[in-house]
Amino acid sequence: MAAPKVAVVGAGVIGLSTALCITETCPSCSVTVLSDQFSPNTTSDVAAGMLIPHTYPDTPIHRQKQWFKETFTYIFAISNSAEASEAGIHLVSGWQVFKSAPKEELPFWSDIVLGFRPMSEAELQKFPQHRFGQAFTTLKCDCPPYLLWLEKRLKATGAQMSTRKVADLWELHREYDIVVNCAGMGAHQLVGDKQLFPVRGQVLKVHAPWVKHFIRDGDGLTYVYPGIHRVTLGGTREKGSWSLSPDPGTTRDIFDRCCSLEPSLQGAQGIEVKVGLRPSRQCVRVQREVLSQGGVKLPVVHNYGHGAGGFSVHRGTAKEAANLVGECISALQSSSSRAKL
Amino acid sequence: MRVAIIGAGVIGLSSALCIHEQFHGLVPSLELEVYADHFTPHTTSDGAAGLWQPYLSDHGNLQETLWNKETFDYLLSHLHSPAAKEMGLFLLSGYNLFTEPVPDPSWKNIVLGFRNLTPKELELFPGYSYGWFNTALMLEGRSYLPWLTNRLTQRGVKFFHKKVESFQEVSGDGVDVVLNCSGMRAGDLQPDPELQPGRGQVIKVLAPWVKHFIVTHDLKSGIYNSPYIIPGSELTVLGGIYQHGNWSEENSAKDHKLIWDSCCRLLPTLQKAKIVEEWSGLRPARPSVRLERESIRLGSLQTEVIHNYGHGGFGITIHRGCAMAAARIFGSILQEKKRLSSPPGPRL
């Protein structure tokens, strides 16, 4: 097979990073990213992009840890380079605080982030409503800059990007040899995955440049994540809600909750409200499949269902998906050589 | 009772505020006047980044360590107040980097979360093999000084834009107590060979992706002669110059290059940062802070002078502790004056 033609559906952090990994593992591949939305209109653009993993109930912990470690290492290297600011990557320190003792004293990722340790009594004084806390330093991938940087890296490899709404993967079988499904929430429609469900998140992006630390309530519902230009205040976790319209009552509630974590936010300016649907699943689907229709086969690699943890594991799952694409290519090559016999 | 404060940097303004807060109720006739040739944003305090961090060692000067602690605790108690933003006060964490292990600093238990750096963290800083991480405070002069000025103005304190050439100039005018917070220019009022400039130069850039302070140390070159990066609320301050005895307040191209090259080596992504400002200032350096009372006889008059100067590169770090100490000295002066001026009683 001369130059396998790979289509990647989806241009959020998963689609773009998967496409990039494919160009790295298979330099002879011709890669095209197809999506109805590109940055700044993807779900990834709504997210803060913090590298703090979400735990998937049905994915083995060692696999999640591997994905996170791979992602953290990759982003850490960019943060240490001259490209960091262009890529929207920066280190950020802060605290995860709990009103009641957390289920696990040490999350599985505590040895991957930097300087993880319990907060001292003096530090906890800053959070009078909370009794326990963890301090650490992690990384943040600001969007749009990070997505735009991925797009730039992709274009440099010769990969193409095209705005197109793919309604059915079979639309692509004539033009492409392999299809990679990174459609996020779109996979619900695209491949009819009923295990995939939206978890609606509303966030506020405010101007509060004196806020230099992240603060996250251990319940995952309230958080303050300082980015390069704006601070993301969150949030909500509305399971099953498909609404992309901002809710004013929710805005007020998020603002109040965040101000109780960080009182200085009262002075924040320029509140922008955004909504994203986390493409949630009990386990991330990173899987190979061969679709079959009327004697025609279409190799597909799925990489979707990252829910609240997309940024934290994006590179790890992208690499795994790229390896699966490699397997698809080998399978195609061996079957085509068999055909020649 | 008239009190003249000479100097409107962080030391002068905070001393004035402490005195007014504590004594205006007790001394109804108390009138405070601030005299300065430079006001915010043209004082030394305005040029500083505003990071609360004492020098590495207090050289056994426990008093200064206590003043530093008093300042930190005072600021921390205001962190959640509605005034914090206006004061230019916020928490900031970061790194102190060394090329060899060093003893823990006197302030390790004053700041929050003090710890050594892990090997992984040190990977971020090639060339440095040891370091600390802690959470400290930022108090930006460009916000704090206006805030102090507003508080003082509200209290009826008067301001005079004037270069005071001698203590006589104010004491001869009927002023009872003079607070000498003249910083680098204290030598003009009374010679002090121990007071020397510690010239600094900084480049202020737009680099909002920097969320930590990074202060490197070269034990051979001395304090602040090694690159540092301190992110403020708007601009990030790049520095690393300390020239003892250099009185020049002109920006030096050679120092600019040194700061820029060494900071970009420390944080490569700074190369993309836009340079917004450049500034040089003189740290009023002294082996120890001069915080003491002096009775000065000027002709037929006796004036009490409270000296509060020589805070080097840690003025913001120590200001509140010193202001409170100056206020205590003022209190003892008041006590004496009251005793002296009280009418003879029926005991005679």
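Numbers restart at 1 for each chain; the letters A, B, ... are given by sequence-line order, proteins then strands.
The most heavy-atom pairs under 4.5 Å with chain B, out of A:G94, A:P209, A:S264, A:S85, come from A:S85. Contact count versus chain B (heavy atoms, under 4.5 Å) is highest, among A:H229, A:K140, A:E123, A:E83, for A:E123. Among A:A208, A:G115, A:G88, the residue making the largest number of heavy-atom pairs under 4.5 Å with chain B is A:G115.
Closest non-hydrogen pair, B:L124 versus A:L114, comes out as CD1-CD1, 4.3 Å. A pairwise comparison of heavy atoms in B:Q271 and A:A82 identifies NE2-CB, 4.3 Å as the closest pair.
For B:R115, the CZ atom is densely surrounded, since the number of other residues' heavy atoms within 6.0 Å is greater than 12. Within 6.0 Å of NZ in A:K152 there are 12 or fewer heavy atoms belonging to other residues, nucleotides or ligands. Within a 6.0 Å radius of CD in B:E234, other residues, nucleotides and ligands contribute 12 heavy atoms or fewer. With a 6.0 Å radius and a threshold of 12 heavy atoms from other residues, nucleotides or ligands, B:Q154 has its CD atom above the threshold. Surrounding NZ of A:K69 are at most 12 heavy atoms belonging to other residues, nucleotides or ligands under 6.0 Å away.
When heavy atoms are compared at a cutoff of 4.5 Å, A:A122 approaches chain B by way of both its backbone and its side chain. With a threshold of 4.5 angstrom between heavy atoms, B:E123 approaches chain A through its backbone and through its side chain. Interface residue A:K126: backbone and side-chain heavy atoms are both found under 4.5 Å from chain B. For chain B, the nearby parts of A:S93 are the backbone and the side chain; heavy atoms of each come within less than 4.5 Å.
Without hydrogens or angle criteria, B:K85 side chain to A:L265 main chain gives no donor-acceptor distance under 3.5 Å. In this structure a side-chain-to-backbone donor-acceptor pair under 3.5 Å is present from A:K212 to B:G232.
Note: A:D111 CG to B:T118 OG1 = 11.5 Å, rounded to the nearest 0.5 Å. To the nearest 0.5 Å, atom SG of residue A:C259 and atom NE2 of residue B:H80 are 11.0 Å apart. Between the NE2 atom of A:H90 and the NE2 atom of B:H212 there is a distance of 10.0 Å, given to the nearest 0.5 Å.
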- Query: Could you go step by step and tell me if A:W210 and B:E140 meet the side chain to side chain contact (heavy atoms under 4.5 Å, CB included) rule?
  - Reply: CA-CA 11 Å; A:W210 60 86; B:E140 297 183 298; over 6 Å; no

- Message: Could you go through B:F133 and A:T137, starting from their C-alpha distance and side-chain angles, then the distance that decides it, and tell me whether this counts as side chain to side chain contact (heavy atoms under 4.5 Å, CB included)?
- Response: CA-CA 10 Å; B:F133 183 93; A:T137 301; 4.0 Å; yes

- Message: Please evaluate residues B:T135 and A:H213 with respect to the criterion side chain to side chain contact (heavy atoms under 4.5 Å, CB included), reporting the C-alpha separation (whole Å), side-chain torsions for both, the decisive distance (0.1 Å), and the verdict.
- Response: CA-CA 10 Å; B:T135 301; A:H213 297 86; 4.1 Å; yes

